[in-house]
**Q** 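Sharing a structure here in structure tokens format.
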Amino acid sequence: FLLGLLNNSSYVIMLAGAKEISEGGVALVFICNVLPSFMCKLTGPIWFHKVKYELRIKACMILMSSSFIIVAFSHDYRGKLLGVAAASL
């Protein structure tokens, strides 16, 4: 329950801060927030069974932590969008 709540919170926080992340590029932030997770879900049946569950959880923890750090300390909008994309995975 708690992991699902935390996973959803990063999505909501990134969308709520879209105006501050990229001035005038709210749609771009939305695309960077949705497209990577959509591609992961689309291709998931091909590779989910090949990756251990423990590794997937650790990767999610690292990506979520690094996404907030990247968005917070990046000065360029491309870096911030990379952080948004990392949060969506």
**Q** If the condition is salt bridge (charged side-chain N to carboxylate O under 4.0 Å, His left out), which residues does Lys19 pass it with, not counting sequence neighbours?
**A**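 Salt bridge (charged side-chain N to carboxylate O under 4.0 Å, His left out) check on Lys19 returns nothing, list empty.
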**Q** Calculate, to the nearest 0.5 Å, the distance between atoms CD1 and CZ belonging to Ile13 and Phe68 respectively.
**A**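 With rounding to 0.5 Å, CD1 (Ile13) is 4.5 Å from CZ (Phe68).
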**Q** Backbone N or O of Ala85 within a donor-acceptor pair of the Ser88 side chain at under 3.5 Å?
**A**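 Yes, the answer is positive, given that a donor and an acceptor are paired below the 3.5 Å cut-off.
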**Q** Could you tell me which non-hydrogen atom of Glu20 sits nearest to which non-hydrogen atom of Lys80, and how far apart they are?
**A**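 Smallest heavy-atom distance, with atoms named: O-NZ, 4.1 Å.
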**Q** Consider only side-chain heavy atoms of I, L, V, M, F, W and Y, link residues closer than 4.5 Å, and tell whether Ile69 and Val71 are in one cluster.
**A**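 In one cluster: no.
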**Q** Taking the side chain as C-beta and beyond, is there a heavy-atom pair between Leu15 and Phe30 under 4.5 Å?
**A**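 Side-chain contact under 4.5 Å: yes.
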**Q** To the nearest 0.5 angstrom, please state how far the CG atom of Leu81 sits from the SG atom of Cys32.
**A**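 If we round to the nearest 0.5 Å, Leu81:CG and Cys32:SG are 4.5 Å apart.
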**Q** Drop me the distance from Ser9's OG to Met14's CE, to the nearest 0.5 angstrom.
**A**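 Reported value, rounded in 0.5 Å steps: 9.5 Å.
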**Q** Donor-acceptor pairs under 3.5 angstrom involving side-chain atoms of residues 33-42: please list them, not counting sequence neighbours.
**A**
residue, atom, partner, partner atom, Å
Asn33, ND2, Tyr11, O, 3.3
Ser37, OG, Val34, O, 2.9

**Q** Answer yes if Met61 and Leu55 sit in the same cluster of Ile, Leu, Val, Met, Phe, Trp and Tyr residues linked by side chain heavy atoms under 4.5 Å apart, and no otherwise.
**A**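 Looking at the clustering, Leu55 is in a separate group from Met61.
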**Q** Looking at Ser67 and Gly83, what are the two nearest heavy atoms and their distance?
**A**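 Scanning both residues completely, I find the closest heavy atoms to be CB-O, 3.0 Å.
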**Q** Hey, quick one: are Tyr77 and Val84 part of the same hydrophobic cluster, counting side-chain heavy atoms closer than 4.5 Å, chains of contacts allowed?
**A**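 As far as the 4.5 Å side-chain criterion goes, Val84 and Tyr77 are connected within one cluster.
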**Q** Please say yes or no: joined through hydrophobic side-chain contacts below 4.5 Å, possibly via intermediate residues, are Met64 and Ile70 part of one cluster?
**A**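 Cluster IDs for Met64 and Ile70 differ.
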